[in-house]
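Just so it is clear: chains get the letters A, B, ... in the order the sequence lines come, proteins before strands, and each one is counted from 1.
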Amino acid sequence: MVHALRLYDTLSGEVRPFVPRVSPRVGLFVCGLTPYADAHIGHGRTAVIFDVVARALRRWGYHVFYVQNVTNVDDRLIARGQAEQRDPMELAEFHFQGWLRSMDQLDARAVNLYPFATDYIPEIIDQISALLRREFAYAVDGDVYYAVSKFPDYGRLSGQRVEALRPGAHVEVDPKKRAPEDFALWKSTKPGEPAWPSPWGPGRPGWHIEDTAITGRLLGDQYDIHGGGTDLKFPHHEAEIAQAEGASGKSPLVNYWMHAGMLTLRGEKMSKSLGNVVGLDATIRKYGPEVLRFFYLNAHYRSPLNFEEGKSLEEARESYATFSQPYRRLRDELLRGGLTRPGRELPPEVAKTATEMPVRLDEILSEDFQTREAIAAIFGWGRMIQEWSSKLTGLSGTALVTLGTPYRWAAEVLGLFPERGGGKAPTEFSSLVQIAIQARGRARARGDFAEGDRIRQALLEAGIVLEDQGSDTRWQWKREGGG
RNA sequence: GCCAAGGUGGCAGAAUGGUUAAUGCGACGGACUGCAGAUCCGUUUCCUGGGGGUUCGAUUCCCUCCCUUGGCUCCA
């Protein structure tokens, strides 16, 4: 089963049917981090977007090989390492481990391999050698540069004309270059910096070359999807095209370029240099991974998404609570009697709609990953369930499972409603809470509301929120973040 | 200056050449509750940046202007 996905491709600027080179195989490469500092929630957005892309493709029958590189040697790492008196590669490893923990928390585990740049030095040297041989590159005093003028298509992805660029606008132009738009493939290193032997002398790879050396090795000269943030379109992705196509002589490098919109903070791009970063790990801890995932997926992946501290995630939390409420009710009901519990079945038309929902949701998502539309459709389903809510108690186990079909789709594809062990209290603890709840119940039953409220307050101070639902009292952990 | 993506209700954000422009948040009203919370129901009719054009019909397509964001060799 292979699904009819339609996908926007930045290079052609249009939504096209997705056709892998060798179906059902799909090669997916996404530009990863330079882990010189803790990741922020902008990085998290891109990661979650491509996590959903990989989840959906796999659901639709594709065999996805998802590679996300790790730049563990570059100027910023070296600078930061010197400032902190740490080995830059060790610094990268340290922050990468933090990134992995965040990905684990977010249940973004679709990546098959995180190749480190420095593990691909032989491939990098091979590719630079090929570019020199084919005269796309030139060596000067231990450095090697790409001669952009040799590659006429340079600028096509971003629509830039080389003549219109303003070299030196942000970074000083290296005087060793023949043309200001040329970029470094290999940099000779200063003493004390990480260096590898090469035909041009000891040095380290330029920023762009690692990606194409890695993909050439792992995904071949040509592959299906390349993803990353829109900020990488130029120059990074232009450089990748120039390197890979120059070295291999094959075009195109990739069939679909996917670019994720920026997360902006009060209208500005979040970036370390602007100092307006909101940490990924801290945000996950404060609001929970589901709320953050929900926030990310509640916008189209290509749109910019504005983040406002103290507002955006509070709203997402409320919205997610409403979104997941019918699911939680179904789950709570199912816990009473389980799958085999007897009861009424659903009217045929409701059962039919429920079982057809995943098809509808797949269709929505397969039009260039409209996660927001899928979420809206599930909201609609939730309202339908709420109309049934009074009758839920009388439904059979199979009927409840059928009603939950769209939520299982959301769990599988969007990664919401994670079932993870970490949040569950041990049964011993739960039974202690139950004793307190029962004591409060007895106090309320004899009209001693002061005592009842005292118990409720004491539990609240211990981080436990009570909710009376009819004759029932349930509890849950209080969320941080002013909720 | 050049390139790219945008501008939709109080807010966040979808979609579409065609009856009431989705969904959520917020607000308001109601139900439930000892109270609170959570939840449910209802209301929120006059929302598509300005101007022109194409069309029977434009928010959608075209032109132009204004504005915002990203990029112009550090960036998810």
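Taking 4.0 Å as the cut-off between side-chain N and carboxylate O, A/E451 and A/R454 count as a salt-bridged pair.
B/C3 atom P lies 22 Å from atom CH2 of A/W257, rounded to whole Å. Distance A/F307 CZ to B/C25 P: 19 Å, rounded to the nearest Å. In this structure, A/F369 places its CZ atom 18 Å from C1' of B/A15, rounding to the nearest Å. Summarising the geometry, the separation between NE2 on A/H236 and P on B/C72 is reported as 13 Å, rounded to the nearest angstrom. Distance A/F379 CZ to B/U23 P: 11 Å, rounded to the nearest Å. Separating the CD atom of A/E467 from the P atom of B/A38 is a distance of 8 Å, rounded to the nearest angstrom. Spacing between atom CD of A/E314 and atom P of B/C11 amounts to 18 Å, rounded to whole angstrom units. Atom OH in A/Y154 sits roughly 20 Å away from atom P in B/C2 (whole-Å rounding).
You'll find that the side chain of A/A376 is closest to B/U23, out of B/U73, B/U23, B/G70. Here the side chain of A/C31 is nearest to one of B/A76, B/G24, B/C2, namely B/A76. Nearest nucleotide to the A/S319 side chain, out of B/G70, B/C25, B/A4: B/C25. Residue A/R440 has its side chain nearest to B/G34 when only B/G34, B/C25, B/G13 are considered. For A/E181, taking side-chain heavy atoms from C-beta onward, the closest of the listed nucleotides B/G34, B/U73, B/A76 is B/U73. Of the listed nucleotides (B/A76, B/U73, B/C3), B/A76 has the atom at the smallest distance from the side chain of A/L232. Closest to the side chain of A/D468, out of B/G24, B/A36, B/A15, is B/A36. The listed nucleotides are B/A76, B/A15, B/G26; the one nearest the side chain of A/T34 is B/A76. Considering only the side chain of A/Q325, B/U39 comes nearest among B/C35, B/G70, B/U39. Closest to the side chain of A/R329, from the set B/C2, B/G13, B/U39, is B/U39.
Using a distance-only test at 3.5 Å, with no hydrogens or angles considered, no donor-acceptor pair links the side chain of A/T189 to the main chain of A/R204. Side-chain atoms of A/D51 come within 3.5 Å of backbone N or O of A/A110 as a donor-acceptor pair. Judged by distance alone, with hydrogens and angles left aside, the side-chain atoms of A/E238 form a donor-acceptor pair with the main-chain N or O of A/G155 at under 3.5 Å.
Between A/F369 atom CZ and A/L57 atom CG the span is 5.0 Å, to the nearest 0.5 Å. Rounded to the nearest 0.5 Å, atoms CZ (A/R16) and CG (A/L7) are 8.0 Å apart.
Taking 4.0 angstrom as the limit, A/S303 places a side-chain polar atom (N or O) nearer than this to OP1 or OP2 of B/A14. One finds a side-chain N or O of A/Q370 lying less than 4.0 angstrom from the OP1 or OP2 phosphate oxygen of B/A15. Proximity of A/R383 to the phosphate of B/A22: no side-chain N or O atom is located under 4.0 Å from OP1 or OP2.
Spacing between B/C2 and B/C61 at atom P, rounded to whole Å, works out to 24 Å. When the P atom is compared between B/C41 and B/U8, the two are found 30 Å apart, to the nearest whole Å. B/A22 and B/C32: their P atoms are spaced 31 Å apart (whole Å). Using P as the reference atom, B/G26 and B/U33 are 24 Å apart when rounded to the nearest Å. Taking atom C1' in both B/U39 and B/A76, one finds a spacing of 38 Å when rounded to whole Å. Straight-line distance between the P atoms of B/G9 and B/A21: roughly 15 Å, to the nearest whole Å. On the C1' atoms, B/G49 is 24 Å away from B/U45, given to the nearest whole Å. Comparing B/A27 with B/G70, their P atoms are spaced 31 Å from each other, to the whole Å.
Side chains of A/Q325 and A/R328: a donor on one and an acceptor on the other come within 3.5 Å. Between the side chains of A/D368 and A/Y301, at least one donor N or O sits under 3.5 Å from an acceptor N or O.
Not a single donor-acceptor contact under 3.5 angstrom links the side-chain atoms of A/E318 to the base of B/G24. One can find a donor-acceptor pair under 3.5 Å joining the base of B/U23 and the side-chain atoms of A/R372.
Each of A/E367 and A/G380 was assigned the nucleotide of RNA chain B with the nearest heavy atom; the assignment lying further toward the 5' end belongs to A/E367. The nearest heavy atom of RNA chain B to A/L466 and to A/H208 marks one nucleotide each, and the one closer to the 5' end goes with A/L466.
The residue A/A260 sits apart from the nucleic acid: no heavy atom pair falls under 4.0 Å. At a threshold of 4.0 angstrom between heavy atoms, the contacts of A/I375 with the nucleic acid are absent. Across all strands, A/R45 comes closer than 4.0 Å to no nucleic acid atom at all (heavy-atom distances). Within the nucleic acid shown, A/T322 comes within 4.0 Å of sugar-phosphate atoms alone, with no base atom in reach, counting heavy atoms only. At a threshold of 4.0 angstrom between heavy atoms, the contacts of A/H300 are confined to the sugar-phosphate backbone, with no base atom among them. Within the 4.0 angstrom heavy-atom criterion, no nucleotide atom of any strand lies near A/G155.
Counting only Watson-Crick and G-U wobble pairs whose two distances sit under 3.5 Å, RNA chain B takes part in these stems of three or more pairs: B:1-7 with B:66-72, B:10-12 with B:23-25, B:26-31 with B:39-44, B:49-53 with B:61-65.
Using a 4.0 Å cut-off on heavy atoms, the residues of residues 447-459 of chain A that approach RNA chain B are A/F449, A/D453, A/R456, listed by number.
Each of A/D141, A/D182, A/D143 was scored for a side chain to side chain donor-acceptor pair (under 3.5 Å) with A/K176, with one residue passing: A/D143. Among A/H226, A/H237, A/H236, the one residue that satisfies the ring pair (Phe, Tyr, Trp, His ring centres under 6.0 Å) test with A/H259 is A/H237. Here the rule is side chain to side chain donor-acceptor pair (under 3.5 Å) with A/R440, and of A/D468, A/D453, A/D448 only A/D468 fits it.
Nearest heavy atoms, A/A443 versus A/G452: CB-N, 4.0 Å.
Here A/F295 and A/Y287 keep their ring centres 6.0 angstrom or further from each other.
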